[in-house]
Amino acid sequence: QVKLMESGGGSVQAAGSLTLSCLVDWDLTTINYRLGWFRQAPGKEREGVASVVRDGSKTYLESVKGRFTAYVDDAKNTLYLQMNVLEPGDTAMYYCAAKFNLDVWFPSLSAGDYMVWGQGTQVTVSS
C-alpha cells in the first residue's frame with residue numbers, strides 16, 4: 001500500500017503564503033499518476049482543490065485559481081501546493097490523494113477518482 005504524508009500546514013494571517021508538501025512512498029518516475037489536494041473545513045464537505053496528472057495536466061477549484069499552484073517534483077516523489085494570498089475561507093484540513101496506473105489520464109477534483117489518502121495537515125488563516 002502506497003503511503004502519502006503531508007506537511008507544511010500552519011497558521012498564517014490573511015494575504016500570507018504557505019506551501020504544503022505531500023511525500024509519496026513510491027518512485028513517481030516509474031509510474032503514471034493522478035495526484036490531488038483536497039480540503040475539509042469544520043461542518044463542511046471535503047472539496048477538491050487541485051489535481052495534477054503525470055503529463056502535466058492540471059485543474060483547480062475556481063475559488064483558488066490564480067492563488068494556488070500545484071506541482072510535482074518526480075525526482076523527490078513529492079506533490080506541492082503553493083498557496084498565496086490566503087483568505088480566512090481557506091482554513092481547513094488539507095489532504096493529498098493519489099491514484100496510480102491510470103487507464104485514462106485526466107486531472108480530477110472528485111474524491112472518487114483517488115485510491116490513496118494522506119492523514120492531512122491543518123491550515124488556519126486569520127483575518
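Below, each value reflects all heavy atoms present in this structure, side chains not excepted, and no hydrogens, waters or symmetry copies. One is the number of the first residue; the rest follow in order along the sequence.
- Considering all non-hydrogen atoms of both residues, Ala14 and Pro88 come closest at CB-CD, 4.2 Å.
- Under a hydrophobic-cluster definition in which Ile, Leu, Val, Met, Phe, Trp and Tyr are linked whenever side-chain heavy atoms come within less than 4.5 Å, directly or via other members, Leu18 and Met93 are assigned to different clusters.
- The line from CG of Asp73 to CG of Leu28 is 9.0 Å long, rounded to the nearest 0.5 Å.
- Residues meeting the ring-ring contact (aromatic ring centres under 6.0 Å, His included) test with Phe38, sequence neighbours left out: Tyr114, Trp117.
- More than 12 heavy atoms of other residues, nucleotides or ligands sit less than 6.0 Å from atom CD of Gln40.
- Taking a 6.0 Å sphere around NZ of Lys76, one finds it holds 12 or fewer heavy atoms contributed by other residues, nucleotides or ligands.
- Although no hydrogens or angles enter the test, the distance criterion places no donor-acceptor pair under 3.5 Å between the side chain of Arg34 and the main chain of Ser51.
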Inset, instruction - Tell me, with the steps shown, if Thr19 and Gln82 meet side-chain hydrogen bond (donor to acceptor under 3.5 Å, both in side chains). - result: CA-CA 4 Å; Thr19 298; Gln82 173 67 46; 2.4 Å; yes
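- Heavy atoms of other residues, nucleotides or ligands lying less than 6.0 angstrom from NZ of Lys58 number more than 12.
- Minimum interatomic distance between Leu86 and Val12 (heavy atoms only, all atoms of both residues): CD1-CG1, 3.6 Å.
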Legend entry - Pair Glu87-Val125, side-chain contact (heavy atoms from CB on, under 4.5 Å): steps then yes or no: CA-CA 6 Å; Glu87 303 168 352; Val125 184; 5.5 Å; no
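- Checked by atom type and distance alone, the side chain of Glu6 pairs as donor or acceptor with a backbone atom of Cys96 at under 3.5 Å.
- The two residues Ala70 and Val52 have their closest heavy-atom pair at CB-CG2, 3.7 Å.
- Residues Arg67 and Asp90 have side chains in contact (heavy-atom distance under 4.5 Å, counting atoms from C-beta outward).
- Between the OH atom of Tyr95 and the CG atom of Leu20 there is a distance of 13.0 Å, given to the nearest 0.5 Å.
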Inset, instruction - Please lay out, stage by stage, how Val72 and Val24 fare under the test side-chain contact (heavy atoms from CB on, under 4.5 Å). - result: CA-CA 10 Å; Val72 180; Val24 181; over 6 Å; no
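- Separating the OG1 atom in Thr121 from the CG atom in Leu81 is a distance of 11.0 Å, to the nearest 0.5 Å.
- Checked by atom type and distance alone, the side chain of Asn77 never pairs as donor or acceptor with a backbone atom of Leu23 at under 3.5 Å.
- By the side chain to side chain donor-acceptor pair (under 3.5 Å) test, Tyr94 pairs with Arg39, sequence neighbours left out.
- Using modelled atom types, no side-chain atom of Asn32 and backbone atom of Arg54 make a donor-acceptor pair closer than 3.5 Å.
- Remark: of the listed residues Tyr60, Trp37, Tyr80, Tyr80 is the sole one forming a ring pair (Phe, Tyr, Trp, His ring centres under 6.0 Å) with Tyr71.
- In this structure, Arg46 contributes its side chain and Ala111 its backbone to no donor-acceptor pair below 3.5 Å.
- By the 4.5 Å heavy-atom criterion applied to side chains, Asp74 and Tyr33 are counted as neighbours.
- Contact detail for Thr59 and Pro107: the closest heavy-atom pair is CG2-CB, 3.8 Å.
- Closest approach of Leu4 to Cys22, counting heavy atoms only: CB-SG, 3.9 Å.
- Val2 is connected to Leu35 through a chain of hydrophobic side-chain contacts under 4.5 Å among Ile, Leu, Val, Met, Phe, Trp and Tyr, so both are in one cluster.
- Contact check for Asp113 versus Lys99: no side-chain heavy atoms found under the 4.5 Å cut-off.
- Contact between Leu109 and Leu61 at its shortest, heavy atoms only, is CD1-N, 3.6 Å.
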